[in-house]
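One structure is given here, and the rest of the page talks about it.
First the proteins, then the strands, lettered A, B, ... as listed; each starts at 1.
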Protein chains: 2
Amino acid sequence: MPTRKPPPLRKDARRNRTALLTAAKAAFAEEGLNATLEGIARRAEVSIGTLYRHFPTRMDLVAVVIADKKRAWIKAAETAVAMESAWDGLAFFLERTCELQAGDLAFNDIASMRFPHAPGIEAARKRAYDLGGRIIERAQAEGSLRPDLTPADLAFIVWAQSRISEATHAIDPDAWRRYLAITLDGLRAKAAHPLAVTPLRPRQVMRAQLELGRRRLR
Amino acid sequence: MPTRKPPPLRKDARRNRTALLTAAKAAFAEEGLNATLEGIARRAEVSIGTLYRHFPTRMDLVAVVIADKKRAWIKAAETAVAMESAWDGLAFFLERTCELQAGDLAFNDIASMRFPHAPGIEAARKRAYDLGGRIIERAQAEGSLRPDLTPADLAFIVWAQSRISEATHAIDPDAWRRYLAITLDGLRAKAAHPLAVTPLRPRQVMRAQLELGRRRLR
DNA sequence: CGATAACGTGAGGGGGGCCTCGACTTAAAC
DNA sequence: GTTTAAGTCGAGGCCCCCCTCACGTTATCG
């Protein structure tokens, strides 16, 4: 590996770095990923220059703050694929994804693709997408999931949910569950009526992601 | 009525007003209701001062631009209440609402409550909400709609849809229909599984609206 | 206890949007 | 054609944010 181990940080530097991450985590969660960097520096009681020394770009900060949830997300997908009941796997995956974004506008922004170029997210997204495909296949093979659903549809369902948790996270952190339950009822094979509109092709889904990202961020 | 009829506009003033409205309509539709006023003035080839003379506040501009769609929205609700099949009425109302917001980020912002204080919208909202309640009641009486749905749920469904059309309007203007169809399948009485989470109370719904409005607008 | 590299700082330049206001221009009425 | 109220204009003040950099400070090591 070409990367050298970074030299140890000085004590004050370590303290400031921690303070910045704490402040950023809170600010991003409350205000979304476009929280102002100056505000984060103020919150951490550190000068703006120090913020930039530690995190030269906003993305560097985002990457660290997001890391945990990103891992949790992938793990949820892997767990879902391994569940005995494929339907339960699907429901678990959707619930867990929505749970991660509820009350955390940072992950909400990520899940809604408002930061399409967030670092390290690309890979996680691809992985989650692939796993999502397998979750769907299994549930369709099992006969519990409507046969016309595609992996891209999963993304749209999560995006749609993201607006609901965006609206309700401060009022009732569990409100989104109600609407996810309704959607799940619509996903069952027994409930399915034929869909008149075809799903977006993968290329189009990517463009839709970028479109969401264009909206008032960055 | 205490309002006098306004004096006729000068010819150049009328021309500029029209240009401003045209520009604003386009800008709001493309960029959402927080499109920059300076940009709208540029687009109309008019100075920023002129914009402010005609429309002292952003809301004055929004009110005029939105008016048509607002009426169309109420009309859709009234038509829906009068339809023979209550289920068709519900589907029609939801479809029409989503249709109005698809491809028009201005109405999308309105429907998503991102401008909670938009002028004249308050009344329209109340009317639509009331009509929505009657649409639901009829469909539940008919036995076609799941009995646990409330008027507030309708709002959340539309908000959720708004994110989908936000993402897809430029790629496939009809993509949202696919997800609305899935949601409708979840709304049928036959598809319903009991909902574990209770709906938000009216007071909470209002707070959720304001919450959405807080997000990066104004 | 120096010496020094790492670190912290905040003023300042650049950008952009909001909104105001006084000087200028023009349509319209006589 | 003159008058004048209505209308237009855009510079400029305000605010907030992004990001850089030269200078002062501090931890760490010999």
Side-chain angles (χ1 to χ4, degrees), chain A residues 4-24 27-28 30-63 65 109 114-115 117-119 214-218, chain B residues 4-24 26-28 30-65 105 109 114-115 117-118 214-218:
Chain A
R4 305 285 195 84
K5 97 157 54 165
L9 285 177
R10 240 168 61 174
K11 187 171 56 171
D12 54 348
R14 218 165 43 236
R15 188 174 43 73
N16 284 340
R17 194 188 142 88
T18 307
L20 278 168
L21 282 176
T22 306
F28 284 152
E30 288 168 21
E31 304 164 40
L33 287 183
N34 62 353
T36 70
L37 298 181
E38 308 227 332
I40 290 173
R42 271 194 301 275
R43 196 164 182 152
E45 294 181 306
V46 139
S47 91
I48 181 67
T50 298
L51 184 151
Y52 276 96
R53 166 175 284 276
H54 285 279
F55 306 98
T57 81
R58 171 181 231 99
M59 286 312 179
D60 295 318
L61 200 43
V62 169
V65 168
D109 280 341
R114 273 190 292 243
F115 259 62
H117 304 303
R214 231 173 41 75
R215 282 278 273 173
R216 58 181 121 281
L217 277 185
R218 277 271 47 198
Chain B
R4 304 284 195 84
K5 95 157 56 165
L9 285 177
R10 239 167 62 172
K11 187 171 55 171
D12 53 349
R14 217 164 44 236
R15 187 174 43 73
N16 285 340
R17 193 187 143 87
T18 307
L20 278 169
L21 283 176
T22 306
F28 285 152
E30 290 168 19
E31 304 163 41
L33 288 183
N34 62 352
T36 71
L37 298 180
E38 308 229 337
I40 290 173
R42 270 194 300 275
R43 196 166 183 151
E45 294 181 305
V46 141
S47 91
I48 181 68
T50 299
L51 183 151
Y52 275 96
R53 163 170 282 272
H54 286 278
F55 305 99
T57 81
R58 172 183 229 96
M59 287 311 180
D60 295 319
L61 199 44
V62 169
V64 180
V65 168
L105 293 187
D109 280 341
R114 274 190 292 242
F115 259 62
H117 303 303
R214 231 175 38 77
R215 281 278 274 174
R216 59 182 119 283
L217 277 185
R218 278 270 49 195

Exercise for the section: For the residue pair A:Tyr52 and A:Leu37, establish whether any side-chain heavy-atom pair is separated by less than 4.5 Å. Expected result: yes
Exercise for the section: Only counting residues at least two apart or in another chain, list the ones meeting side-chain contact (heavy atoms from CB on, under 4.5 Å) with A:Thr57. Expected result: A:Met59, A:Asp60
Practice task
Indicate the atoms forming the closest heavy-atom contact of B:Thr36 with B:Glu31, along with that distance.
Solution key: N-OE1, 4.4 Å
Problem - Rounded distance [0.5 Å steps], OG in A:Ser47 versus CD in A:Glu38 - result: 10.0 Å
Problem - Helical bend (five base pairs per end, nearest 10°) for the helix from C:dC1-D:dG30 to C:dC30-D:dG1 - result: 10°
Exercise for the section: Would you jot down, in residue-number order, the residues of residues 48-56 of chain B having a non-hydrogen atom under 4.0 Å from DNA chain D? Expected result: B:Ile48, B:Gly49, B:Thr50, B:Arg53, B:His54
Exercise for the section: Identify the two heavy atoms, one from A:Arg43 and one from A:Ala27, that lie closest to each other, and give their separation to 0.1 Å. Expected result: NH1-CA, 3.7 Å
Practice task
Could you pull out the closest heavy-atom pair between B:Gly32 and B:Asp109, with the gap in Å?
Solution key: CA-OD2, 3.2 Å
Practice task
Please assess A:Arg14 against A:Lys11 for the test side-chain contact (heavy atoms from CB on, under 4.5 Å), listing each intermediate value before the final yes or no.
Solution key: CA-CA 5 Å; A:Arg14 218 165 43 236; A:Lys11 187 171 56 171; 4.2 Å; yes
Exercise for the section: Could you list the residues that satisfy side-chain hydrogen bond (donor to acceptor under 3.5 Å, both in side chains) with B:Arg10, not counting sequence neighbours? Expected result: B:Asp12
Handout entry: Nucleic acid footprint by protein, nucleotides 23-30 of chain C - heavy-atom cut-off 4.0 Å, B for base, S for sugar-phosphate alone
Key = ---BSS--
Strictly under 3.5 Å: I want the nitrogen or oxygen pairs between protein and nucleotides 15-17 of chain D, one per line.
none

Problem - Which residues share a side-chain contact (heavy atoms from CB on, under 4.5 Å) with B:Ala41, sequence neighbours left out - result: B:Ile48, B:Leu51
Practice task
Mind listing the closest non-hydrogen atom pair of B:Leu33 and B:Phe28 along with its distance?
Solution key: O-CE2, 3.5 Å
Practice task
Report the residues that fulfil side-chain contact (heavy atoms from CB on, under 4.5 Å) with A:Ala44, sequence neighbours left out, ordered by chain and then residue number.
Solution key: A:Ala19, A:Leu20, A:Ala23, A:Val46
Exercise for the section: Measure the shortest side-chain to side-chain distance between A:Asn34 and A:Arg58 over non-hydrogen atoms and say whether it is less than 4.5 angstrom. Expected result: yes
Practice task
Mind listing the residues from residues 15-24 of chain A sitting with a heavy atom below 4.0 Å of DNA chain C? Number order is fine.
Solution key: A:Asn16
Fill in the blank from the handout: B:Arg15 meets the side-chain hydrogen bond (donor to acceptor under 3.5 Å, both in side chains) criterion, sequence neighbours left out, with none
Handout entry: B:Arg53: side-chain hydrogen bond (donor to acceptor under 3.5 Å, both in side chains) partners, not counting sequence neighbours
Key = none
Exercise for the section: Evaluate the side-chain proximity of B:Leu61 to B:Leu21: yes if any heavy-atom separation is below 4.5 Å, no if none is. Expected result: yes
